[in-house]
Number of protein chains: 2
Amino acid sequence: MKKYVYFFGAGKAEGKTAMKKLLGGKGANLAEMTNIGIPVPAGFTISTEACIHYYDNDENHPEGLDEQIEINMKKLEEVSGKQFGNSEKPLLVSVRSGAVISMPGMMDTVLNLGLNKETLKGLAKETENERFANDSYRRFIQMFGNVVLGIDSSEFEKLIEQKKEALNIELDTEINADELMKLCDDFKALIKEKTDLDFPEDPKKQLEMSINAVFDSWNNKRAITYRNLNNIPHDLGTGVNVQMMVFGNMGTNSGTGVAFTRNPSTGENKFYGEYLLNAQGEDVVAGIRTPHPITDLEKQMPEMYNQLESVRDKLEKHYKDMQDLEFTIENKELFLLQTRTGKRTSIAAVNIAVDMVSEQLIDKKTAITRVSPEQVDNLLHPMIDPNEDIEIAAKGLPASPGAAVGKVVFNSDEAEKKGKDKEKVVLVRLETSPEDIGGMASAQGILTARGGMTSHAAVVGRGMGKPCIVGCSEISIDEDKEEFSIKGKIVRKGDYITLNGNTGDVILGQTKLVQPKLTGNFEKLIEWADDVRTLGVRANADTPGDSEVALKFGAEGIGLCRTEHMFFAEDRLPVVRQMILADDKESRQKALDKLMPMQESDFRGIFEVMKGLPVTVRLLDPPLHEFLPSTDEGIEKAADSLGIELGKLKNKVESLREFNPMLGHRGCRLGITFPEIYKMQVRAIFEAACELISKNIDVRPEVMIPLVGHVNELRKTKAELIAVAEKIIKKKNVDLDYKVGTMIEIPRACLTADKIAEEADFFSFGTNDLTQMTFGFSRDDIAKFLPFYLEENILDKDPFMAIDQEGVGALMKIAVTAGRKVKPDLKIGICGEHGGEPTSVDFCYKIGLDYVSCSPYRVPVARLSAAQSAINSEKEESFSEKKVNV
Amino acid sequence: MKKYVYFFGAGKAEGKTAMKKLLGGKGANLAEMTNIGIPVPAGFTISTEACIHYYDNDENHPEGLDEQIEINMKKLEEVSGKQFGNSEKPLLVSVRSGAVISMPGMMDTVLNLGLNKETLKGLAKETENERFANDSYRRFIQMFGNVVLGIDSSEFEKLIEQKKEALNIELDTEINADELMKLCDDFKALIKEKTDLDFPEDPKKQLEMSINAVFDSWNNKRAITYRNLNNIPHDLGTGVNVQMMVFGNMGTNSGTGVAFTRNPSTGENKFYGEYLLNAQGEDVVAGIRTPHPITDLEKQMPEMYNQLESVRDKLEKHYKDMQDLEFTIENKELFLLQTRTGKRTSIAAVNIAVDMVSEQLIDKKTAITRVSPEQVDNLLHPMIDPNEDIEIAAKGLPASPGAAVGKVVFNSDEAEKKGKDKEKVVLVRLETSPEDIGGMASAQGILTARGGMTSHAAVVGRGMGKPCIVGCSEISIDEDKEEFSIKGKIVRKGDYITLNGNTGDVILGQTKLVQPKLTGNFEKLIEWADDVRTLGVRANADTPGDSEVALKFGAEGIGLCRTEHMFFAEDRLPVVRQMILADDKESRQKALDKLMPMQESDFRGIFEVMKGLPVTVRLLDPPLHEFLPSTDEGIEKAADSLGIELGKLKNKVESLREFNPMLGHRGCRLGITFPEIYKMQVRAIFEAACELISKNIDVRPEVMIPLVGHVNELRKTKAELIAVAEKIIKKKNVDLDYKVGTMIEIPRACLTADKIAEEADFFSFGTNDLTQMTFGFSRDDIAKFLPFYLEENILDKDPFMAIDQEGVGALMKIAVTAGRKVKPDLKIGICGEHGGEPTSVDFCYKIGLDYVSCSPYRVPVARLSAAQSAINSEKEESFSEKKVNV
């Protein structure tokens, strides 16, 4: 007969932590604690297999389950010295759910089970407290009625209120024992009325019904929703824990508390928690009485405190991680009701992980897996002080993490001006465009009413490490009046607002921010990660300044240097416009000749900072119209300053207009139709590189051609640029090691990667565009439907945040396989926004990329993620080796 | 020793037609003619292998070639009774190239080879015509100097002019024998001066140099360009034909001509051609003398004519196809110099193919392969009368075939108005939008300055079978003045223009058009095709009228019925706008309820026409903003007529604006966010279908959901619409067989087709969008670079015209394989524009699609293409079977 029930008690348990899948988290840990000699109220766990069987078989118990429950109840009676249903020494039990993956508060619990008119007497006698006993009975009936019989809790509360009114009293605690007993009868009458059932007085019947109710609670609506939201499979089932009741509310020698083995906010290695004497668990949570800090217990009950300290010590040594535990003291006897890995803040996670290595509790690899990439990310941005009392005025998409406080401004010029005056501003725009870059750089944060997670504002915000909320459709901007409204409230220019880029919350007024410190522990941990990871980590950086930040954060090169950002600089834009507006090749060349030395100095600056690390320079990518003004006003201003006829400029703007710029005349398509642009850029790169080489400064340029969809595009462009490069190298008479490769960002490039690989020294996945084209999603327009898609679970993730492994990932795999078939040592990286997102980093590791490249502020995140991927794959390997050995 | 030289002469040849790859087309046919007893001047062919060896080995002859040439020259002397270099009976030869695939005029020819001061005497004596002999010598030196020694022909012409000036005469023919001899000396002096070579008097040397020159001409610049343009491989090499000279200019008993075995314009089974007496081939071509129709020869030289007639008969019986032949009569002796399959007009191709079946020359399958799909297409559109003398004013992209003549109008309202007055107009627009549909339908043709081959104008034009030229950037439109300019010329409203949609030519003024007749032969041929093909052919049709046309052209169902076209109808658009502008669900529903009966009647009409054939209805696809006006003027007008506030409409237009509408909020994304729209459409479909069923009219609706990228989109939409459908079916209490499937038009859909197949009854490839996303090309914006890409051979074809098999095709294959893995009998079709393009139809056949769907006017093209694919694959199969049997 299959074993469905696992006993724990009297220092011995049939289960253990490793049996979590079978027993659920709570049950497995109760068993483990029992085994390592920690006092736990005895009990048993019904396995998840029994639950699954129950569901698969029309809610029938599997064969043998009832018998095993009976046997284990007997054992429990033996161990506890009490008897189930006995009126002298009644055994009371709790029935609790316990899923494999914690689903806090989602499923049901029944306490004080075993009480009836008879056993009640025993409890009253044993505790010498009739009121306590009657109140326990009242609670049990209420809980049973609610959880097992499905009667709304408010129906019972109504009866309590009526009782208090009748007695003319205010507090529940003022109801005396007799009246409580009458209330119990009222409750039973309510149950009869609602369900046509008599309240079961037989404890065995109570137990059976409660176990089934816990099974059933696995599929209640809120549990299903929770699992959907958290991607928990629906077929795991829950364990059921039946455990002897212990009471913390039996008087001043009793009490209850929750504690963490270390400080969950700071990670400090000090016992941390709170407790209440003469109270039950729910009293601590309810917040009616203020609990005491755990250290006070040392004075109030030193013996208990010492026991607790030793439990703390034992648990940490055993679990080798910070624990979150619940305890009850019943008449000076300590019981642990639960232990689990404690949740902690980001900084605490880092400190605990590093401290535990010093304490020789864990090794470095384990430490690396103890901090999540999201926690690392949090550590790199200012945050709203958790002690602040905030009111959320509106919610947008959390496009770039961190918090920002500043005065509202509505245009970039003003943001820049105020920025120069050291005034803190938040730039609020309908949406941003490349012309806003200066303003964005000067602002503390950016808020836009439109756009998705990879809109211009979002991408640039993340790139700058600047808090940013986009697509906040709840705000309605009036740019003329320089104000916006949120739900009727008007916010004017100069009013303070606060943005929480981690959550998308918009808060009116100033809020206190905290600058998380990058402690030595944090640095140490990320350095350990470097020893483990095999995946390279580069940064996307367009300026010497960005490159310095990237280096500081540990980047091993530049994976994407976007040359167009240089074109937007204030001193360049007019020249770029001259180039675009040129009527013939000569005047275009003239403008390009003016731009060349500027670009050259850009590249020289970046190369100098990167000191011989590879720098991947992407040639011009955006369509030319992005460099021209689009509004009537802008066109007039530009015509004036460029000294050209207004009509001519208007015509040019009109003729460059595109229906779908994303799929238009850009990338290498520009380079092919206007080869002189790319030639100028290549000249700038190689003049800069050769000059530095001749000064004995190492340079490793990698020229990257964007938007290749057909090998012929790459072949032609490459041939042209190599001719330019070689001429310069020859002229300067230096040895220069350079590469020419391509972005892989068009589905067709993935599908024909074998052909493209023949012409490419490297591939770099541009997963932003690849995602746009694979899904047919314009990242600038998805705000109209993506939120709905996520809500309705049509997509489980925003594919611009995490690589869509099923679709986009399939194309990436095709490209890697086909490319390496032709060139086995083809270097392949990724430079899309996904390069700093943990699940995407892991995916890149798994499909065999050589490096990821992300914004400088995400480099540490990527370093950690890459290390965790390596560790996980080691584990998987050793696991499958083991399996082979079996 | 390898055989490089193949002799033909005296009724026997070593080669044959089947050796075309080895001997080139000309050589193989000369051999074949010799073998079947047709008089051919004797000679030999040097194989393409010799040419390839020559190129692969630094321009050296392979071992044995020179020896074989010598042996074959000996044979030629024997057969001709003349001797090479002999001053009595000199053997003169021509040296001509002959490639495997005809490259007319691209390579070189040397005539009269073997002449020198000595042999000249023999020729003069033999022909009793010293002037003829000397002129032949002069021509030989000039040709040799040009072809073999690379001296520009004009240099020789200059000397001739000088000579004529000196002699004070006007015509070449006036130069007498002595002066011709002096001219020969001048030519030789020129050669010496330019090349430092003495003109070779040794005929063997002449032959060797000429053979090498022909080898070399394979790689001259114009030959390479020609091969690039026509996708001919560069490694085929050319054969060299050395053949005894025969002279058609030896007097009035000599002559030369070209002829077709049937009329190449009409296909009529009558000998057709022209000739000149006492002339050489070049005289016929040069056009100085007017040649006579071939039938005149019957009177002038009846014996020769009868011989020629019998040759014609023999050739047709042998080659079983219409031949294009060249002949020379030398002193009443007939020689055939060339035969090849004759080019013919579309109607001739059809008539010849069908006639030859009646004549039992070929079988039906062969007839089907004798007409190209392009020829079928030509037969379905009016054409410019080939006899018209036209001047091309500008060139655009040939977006939709056929010719149109009409008065220029610049807006659709006017086109519609004039259309009602039966006035013929051509609509000229910067670009068209859905609001122009009425005007386009009323116009004879459409000309746009912008847009690519699949821009709105192009797609709608092709759909309507309306001649259309797009992306004609040479015209500059001033819509205010209602005029446009072409290269300085102004064309005003009301001026006539002519469009040739087959070529993209814009012609000023009126041009005569011809309406090709759909003869019985044409119908017969396409019906034969139906017996052979296995691939289904459906049509894209949106109205009962379109459906009728489709049926007439043989469509077996509707593969794509676009419901949005119905939304643009004059009476619908205001209601559609009410729906879009609705502030809440109720008012949106109210507008939808108004639309429902209109849609229902649309569907009823189509279902009735299609009489139980499947009708695939695509639910609403375009973004909502396409239904709103975009210009300020349009917005004002619409606000006025809808009776809503201007500001509100402006805001709505603004809020619906998208950066990349192609990748935006459209297709099922709309259906998911506004489910009431799709529900209305489904109600309309099923109310109509059920009503007809209850009247005993068979209906087979197939509901198609557009733009699915993730199975969840399909799952959700399908569940919603099936609920609506089943309710109606139940209410109407009928049996209705319907299907629910999806467009496959997003790369991600192809990559996850196994998942999508689980929810789909059918797939239909939307290759327009699939091509846009796979390439990252916006079809509306490619005019800026695609022409350049095609010119520079970066792409060999416009991927919106023919399926890109390497990229887009790879995705289609992935989708077919994955879809059929899950559902082996999944019905898969294509409804993109490619469905009527022959190479694409062939590709669809090869990857196992069930049907193609194209515009009604291309249905016969698809029917023929599908039959040809089946025939070709049969051939390939029988070929590979043969190979197995060997």
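Residue numbering restarts at 1 for every chain, and letters A, B, ... go by the order of the sequence lines. Keep in mind the model is a prediction, meaning the values are calculated, not measured.
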TODO: Verify side chain to side chain contact (heavy atoms under 4.5 Å, CB included) between Phe777(A) and His665(B), making sure each step is shown before the conclusion.
DONE: CA-CA 9 Å; Phe777(A) 284 175; His665(B) 192 191; over 6 Å; no

With heavy-atom distances below 4.5 Å as the criterion, would you say the side chains of [X] and [Y] are in contact?
| X | Y | result |
| --- | --- | --- |
| Thr774(B) | Leu751(A) | yes |
| Met773(A) | Gln772(B) | no |
| Met662(B) | Met662(A) | no |

Name every donor-acceptor pair, under 3.5 Å, that has one atom in a side chain of residues 784-791 of chain A and the other anywhere in the protein, sequence neighbours excluded.
from: Lys784(A); atom 1: NZ; to: Ser655(B); atom 2: O; distance (Å): 3.3
from: Lys784(A); atom 1: NZ; to: Arg657(B); atom 2: O; distance (Å): 3.4
from: Tyr789(A); atom 1: OH; to: Glu713(B); atom 2: OE2; distance (Å): 2.6

Can you say whether [X] sits under 4.5 Å from chain B via the side chain, the backbone, both, or neither, judging by heavy atoms?
| X | value |
| --- | --- |
| Thr752(A) | side chain |
| Glu745(A) | neither |
| Asp804(A) | side chain |

Open item on the list: Would Ile814(A) and Ile814(B) count as a side chain to side chain contact (heavy atoms under 4.5 Å, CB included) here? Give the steps.
Closed with: CA-CA 11 Å; Ile814(A) 289 172; Ile814(B) 289 172; 4.0 Å; yes

Task: With sequence neighbours excluded, residues passing ring pair (Phe, Tyr, Trp, His ring centres under 6.0 Å) with Phe627(A) - done: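 Phe627(A) satisfies ring pair (Phe, Tyr, Trp, His ring centres under 6.0 Å) with Phe567(A), Phe568(A) only.
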
- [ ] With side chain to side chain contact (heavy atoms under 4.5 Å, CB included) as the test, would you mind laying out the steps for Ile672(B) and Ile794(A) before giving the verdict?
- [x] CA-CA 10 Å; Ile672(B) 286 170; Ile794(A) 290 169; 3.6 Å; yes

TODO: Examine distances only and state if a side-chain atom of Asn660(B) and a backbone atom of Asp781(A) form a donor-acceptor pair shorter than 3.5 Å.
DONE: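 Not at all, since once roles are kept as given, no pair shorter than 3.5 Å links the two residues.
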
Option in [options] with maximal non-hydrogen atom pairs under 4.5 Å from chain B:
| options | result |
| --- | --- |
| Gly709(A), Gly776(A), Ala749(A) | Gly776(A) |
| Gly807(A), Ala810(A), Ser778(A) | Ser778(A) |
| Pro661(A), Cys750(A), Gly664(A) | Pro661(A) |
| Arg669(A), His710(A), Glu658(A) | Arg669(A) |

Task: Ionic contact status for Glu654(B) with Arg450(A), cut-off 4.0 Å - done: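 Here Arg450(A) pairs with Glu654(B) in a salt bridge, since their nearest N and O are under 4.0 Å apart.
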
Task: Intermediate values then yes/no, side chain to side chain contact (heavy atoms under 4.5 Å, CB included), Asn712(A) and Asn793(B) - done: CA-CA 8 Å; Asn712(A) 287 348; Asn793(B) 270 307; 5.8 Å; no

